[in-house]
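Keep in mind the model is a prediction, meaning the values are calculated, not measured. Note that the numbering runs from 1 along the sequence shown for the chain.
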Amino acid sequence: MIYIIEYSAKKVNNGNLVFIKNLDNTKIIVYNRIIGVKTVKIMYIECNMGASGDMILSALSELAGNQEGFISELNGLGIPGIRAKLYNTQNCGVNGTSIGIKVNGHDTASGYSQHRPHGVYRLRTIKNMIATMSASTDIKRNVSEIYEKIAAAKGAFQGKPTESVYLHELGRGDSLADITGVCMLMNKLAPDKVIVSPVCTGKGTVDTLRGRLEVPTPLTKELLKGVPSYSGKLESELCTPTGAALLSYFADEFGEMPDIKLRKCGIGIGKKIFNVANCVRIYMGYSGEQTATIKGSTEGMQTVTELKANIDDMTPEMLSYAQEVLHENGALEVYTVPIFMKKNRSAVMLCCICKDEDAMDLAALMLKHTTTRGVRSQSMERYTLDAVITKYNTKYGIVSVKTSTGYGIEKQKIEYEDLARIARETGRTIKSLSEELTRELDL
C-alpha cells in the first residue's frame, strides 16, 4: 500500500510508531517503523605531540595487527634501498611501536649528515617510483595524490609550478615508504570517518637540507592551512611535513574525540625524547546513532521471498544436488527442516530464501529438480549485518577474516575454507588453528 502525504503534514514520534498527521487534524496515517542502530567505524587521531609519517605508520600497524606480516609487505614493495624494522618500545612509561626505516643501510632518523640520502626528486620522478611498486592500484593512487598535495603546497609558497619543485627530504625512500605504508594500513582498516584532533606543531627552529627553518616549516604551514593547530610549549618540530600531508589528506573532520565504543588504540612512538610521552595515539571504535527505518525501505533490512516445498520421496543424494543448484543460481539461504506428512511419514521441508526478483526462477528450479508438485511462496523481511572480508598474510599463507557490523554489533570470524585448507596441509585441527590465528591477528 502506498500513502501519499500532503505537503501540510507533520510527523509525531511515539515509541515505535510514526504518526503522519495533517495540520487540520482530519487524517492520521500510522507507519510501523523499525528502530535500529546505524554503526559508523570511526578513527580518531590524537596529535597532542604533533605527528610524523613514522609515528602515524607505527600507530596504524598496532591497530591492523599482524605487524610482522605488514613489515614483510612493506619491505617487498620494491622501493629502492629501503628496509623497515619493527621495534616494541617505551617512552615516558608509555608502551608502543616504532617502525624504523633505513635507506641503503643508513638510519634516516640520525640527523642531517652528509651520509644521509638526500633524494631531491621532482614529482615526476616520485610518480615513476610509485608506478613500479608492487602495491594495488588504489594504494598507488592514494600515494600519488598525497605527493601531488605536497608538491602543490611547496609550489604555492615558493611561487613555482608544481612540476618544477624539488621534494628534498620528502623525496627520499623512507618518506615514500612511510606514506605508502600508511595508505596500505588505511586501506586495510577502512574507517568510515577519520577525525583528527587539533595538531600541535611545536615551535623554535629545525635543521633541514635547505638550512635552519622556523617551526612549523613553510611546507608544514601550507599543508595545515585550514587545520586547527597550535604551537604548544616544546621547542622542537613536532608536526613534520609528511605528518601534515597525511593528516590533511585522510581527515574527514577535525575536532575533539566523539563518543565511541572503543575497540582498540594504536600508539606510535616518536624518535625524540622529551619529559612527556612523545607519541601519536590512534583510536578505532564505533559510534551508534539511532535511526528510524520506515517499513518497506531497504535501509536496515531486506525484503526477501521464502520458497518452501514438502518432500517425502527423494533420496538424500538427489535432495543435496537440488540444494546445490539453488545455491549456484543465487539463493541467499537453502536448508531443510524435518517434518511429518500424512500417515506420519517422515519427510523434509526444503526451504529457499532469495531476492524477490529471483523467486520465480528459483521456484521453477525447485519444481524441476525435486519431486514436489508445488512450491509455496511468502514475502518477508530479513535483518542482516554488513560484512567485509579482510585478507591477512600469515605464516600459513593468506587468511580471510569476515567482519560483520551493524545495530551496535561487531563480529569477526576466520573463513572456514582457509581453516580447512590449513588443517589439511598441517594435519592440525580446525579448532586449534582458529584459536592460534585469532590470537595472532588480534581478533
Exercise for review: Mind checking the CD-CD spacing from E328 to Q323? Nearest 0.5 Å is all I need.
Suggested key: 12.0 Å
Check your understanding: Does atom CZ of R83 have more than 12 heavy-atom neighbours, drawn from other residues, nucleotides or ligands, at distances under 6.0 Å?
Key -> no
Point to revise | Distance in Å, L213 CG paired with D207 CG, rounded so as to fall on 0.5 Å steps | key: 8.5 Å
Exercise for review: In plain terms, say whether K391 and E415 are close enough for a salt bridge, that is, a side-chain N and a carboxylate O under 4.0 Å apart.
Suggested key: no
Donor-acceptor pairs under 3.5 angstrom involving side-chain atoms of residues 348-363: please list them, not counting sequence neighbours.
from, atom 1, to, atom 2, distance (Å)
D356, OD1, T305, N, 3.3
D356, OD1, T305, OG1, 2.7

Point to revise | From CZ (R263) to NZ (K41), nearest 0.5 Å | key: 7.5 Å
Check your understanding: Between the side chain of T220 and the main-chain N/O of P216, is any donor-acceptor distance below 3.5 Å?
Key -> no
Practice item. For the pair K264 and E62, find out whether any cationic side-chain nitrogen is under 4.0 Å from an anionic carboxylate oxygen. Key: no
Practice item. Determine, for K431 against E435, whether the closest basic-nitrogen to carboxylate-oxygen distance falls under 4.0 angstrom. Key: yes
Check your understanding: Is the closest basic N to carboxylate O distance between R382 and E333 below 4.0 Å?
Key -> yes
Practice item. Only pairs at least two apart or in different chains count here, so list each salt bridge (Lys or Arg N to Asp or Glu O under 4.0 Å) that has a residue in residues 178-190. Key: none
**Study point:** Nearest heavy-atom neighbours spanning E73 and N393
**Key:** OE2-CB, 4.1 Å
Study note, to complete from the structure: Between the CG atom in L365 and the CG atom in N329, the distance rounded to the nearest 0.5 Å is 5.0 Å
